[in-house]
Peer 1: 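Would you mind keeping the following structure in view while I ask a few things?
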Amino acid sequence: MRSIFGWTNQRCQLCQLPLASHETGWCQHCLNQLPQPPYCHRCGATTLNPTNGCGQCLTTPPPWQRLYRLGEYRPPLQQWIQNCKFSGQFWLAHQLGKQLAQHIPEPAPVLLPVPLHPRRRLWRSFNQSTALAWAIAEHTGSQVMPLGFRQIKPTQRQKQLTRRERQRNLQHAFALTEKNLPDHVAIVDDVVTTGSTAATLTKLLKSHGVQQIDIYCVCYTPMVK
């Protein structure tokens, strides 16, 4: 039987071997092969051992409180995200969100996906961050506010820009459309690359009184200084 996410209960979408009756999408063997290097739960950087605050966080802490991720932006996660966004494999968002949810010990009661500008949303046909948020909420019981943020200005890709260019690129790019928020919320994105978008949205939430903001992402790429 095919679901709205495109996967079946018959074969693993990664190794193509038959799935057990309790498995969906990916078999447990393939899931066990996912690299899960230790990382800092404050900023997201890979570390030798798990920590709630690395050396970088002591000198330049990010504006959010916690970051949860599956791994670095490397294969196989890198390829799965690209396939989800650009090859129509929408079911990957559900499976990735499900896996990420299992690593979040105290989920936020409200999830806010990183928005897409309407033109990019029209070109891509869906927002992968929203799909991830719904998948996470399915396992955490959190409420998803898919239109909590709105991108009101088109932006360039952050990775190729300098720090000053990133700040200028994101200036006045987002608006918070949902003002009735609890003290604890989470921003959901597929990849945290420079951290600038997450930081901008975090500061926007704080300006409206939100006390604790977490970041939920599939992959992390070290911030560019």
Side-chain angles (χ1 to χ4, degrees), residues 2-20 23-41 43-47 50 67-104 111 113-117 119-139 155-161 166 186-198 215-224:
R2 184 172 295 274
S3 80
I4 60 173
F5 293 100
W7 41 257
T8 72
N9 285 331
Q10 297 179 355
R11 291 186 178 275
C12 173
Q13 294 293 318
L14 301 179
C15 68
Q16 298 303 312
L17 291 176
L19 291 172
E23 296 174 333
T24 55
W26 300 342
C27 69
Q28 191 58 49
H29 174 75
C30 285
L31 291 175
N32 291 340
Q33 307 309 308
L34 286 176
Q36 294 179 332
Y39 67 97
C40 173
H41 285 277
C43 70
T46 298
T47 54
L67 185 148
Y68 297 99
R69 68 178 214 193
L70 280 183
E72 291 188 340
Y73 192 58
R74 305 176 186 274
L77 289 175
Q78 178 182 5
Q79 188 61 47
W80 294 343
I81 288 176
Q82 291 178 352
N83 289 347
C84 176
K85 292 165 68 172
F86 306 119
S87 299
Q89 297 183 18
F90 307 132
W91 63 270
L92 283 166
H94 181 267
Q95 199 68 13
L96 290 167
K98 173 184 175 181
Q99 294 305 313
L100 178 58
Q102 297 175 12
H103 297 274
I104 302 172
L111 308 182
V114 172
L116 289 178
H117 188 268
R119 285 188 295 191
R120 186 173 294 178
R121 171 69 172 77
L122 182 64
W123 175 78
R124 192 173 293 169
S125 79
F126 84 117
N127 183 346
Q128 71 281 353
S129 297
T130 301
L132 285 168
W134 283 117
I136 293 169
E138 194 175 303
H139 297 275
T155 56
Q156 302 178 51
R157 293 190 179 277
Q158 293 286 97
K159 190 174 183 179
Q160 289 77 23
L161 304 179
R166 295 198 304 267
I187 298 169
V188 181
D189 204 0
D190 57 340
V191 182
V192 170
T193 303
T194 67
S196 298
T197 299
I215 310 297
Y216 300 165
C217 63
V218 176
C219 293
Y220 168 90
T221 304
M223 295 184 190
V224 179

Peer 1: How close do G97 and I136 get, heavy atom to heavy atom, and via which atoms?
Peer 2: O-CG1, 3.5 Å
Peer 1: Rounded to the nearest 0.5 Å, what separates atom CG in N83 from atom CH2 in W91?
Peer 2: 8.5 Å
Peer 1: For L132 versus D190, what's the shortest heavy-atom pair and its separation?
Peer 2: CD1-CA, 3.6 Å
Peer 1: Under the side-chain contact (heavy atoms from CB on, under 4.5 Å) test against L67, which residue among C217, C40, C43 passes?
Peer 2: C217
Peer 1: Between atom CG of L17 and atom SG of C27, what is the distance when rounded to the nearest 0.5 Å?
Peer 2: 6.5 Å
Peer 1: Locate the shortest heavy-atom distance separating Q128 from L116; write the atom from each residue and the value.
Peer 2: OE1-CD1, 4.4 Å
Peer 1: Taking atom OH of Y216 and atom OG of S129, what is their separation to the nearest 0.5 Å?
Peer 2: 14.5 Å
Peer 1: Classify the ring geometry of Y68 against H41: parallel below 30°, tilted from 30° to 60°, perpendicular beyond 60°.
Peer 2: tilted
Peer 1: Just wondering, are more than 12 heavy atoms of other shown residues or ligands nearer than 6.0 Å to NE2 in H29?
Peer 2: no
Peer 1: Determine, using ring centers only, whether Y220 and Y39 are less than 6.0 Å apart.
Peer 2: no
Peer 1: Side-chain contact, heavy-atom cut-off 4.5 Å: R69 with P37?
Peer 2: yes
Peer 1: Walk me through whether Q79 and L92 qualify under side-chain contact (heavy atoms from CB on, under 4.5 Å).
Peer 2: CA-CA 11 Å; Q79 188 61 47; L92 283 166; over 6 Å; no
Peer 1: Rounded to the nearest 0.5 Å, what separation is found between the CG atom of L70 and the CD1 atom of I81?
Peer 2: 8.5 Å
Peer 1: If every non-hydrogen atom of L77 is compared with every non-hydrogen atom of C219, which pair is closest and at what distance?
Peer 2: CB-SG, 3.5 Å
Peer 1: Could you check whether any side-chain heavy atom of L96 comes within less than 4.5 Å of a side-chain heavy atom of Q99, counting everything from C-beta outward?
Peer 2: no
Peer 1: Return the CD to CD distance between Q78 and Q82, rounded to the nearest 0.5 Å.
Peer 2: 5.0 Å
Peer 1: Can you see which heavy atom on D189 is nearest to which on V191, and at what distance?
Peer 2: OD2-O, 3.3 Å
Peer 1: Output, in order, the C-alpha distance, side-chain angles, deciding distance and verdict of side-chain contact (heavy atoms from CB on, under 4.5 Å) for V114 and I187.
Peer 2: CA-CA 7 Å; V114 172; I187 298 169; 3.6 Å; yes
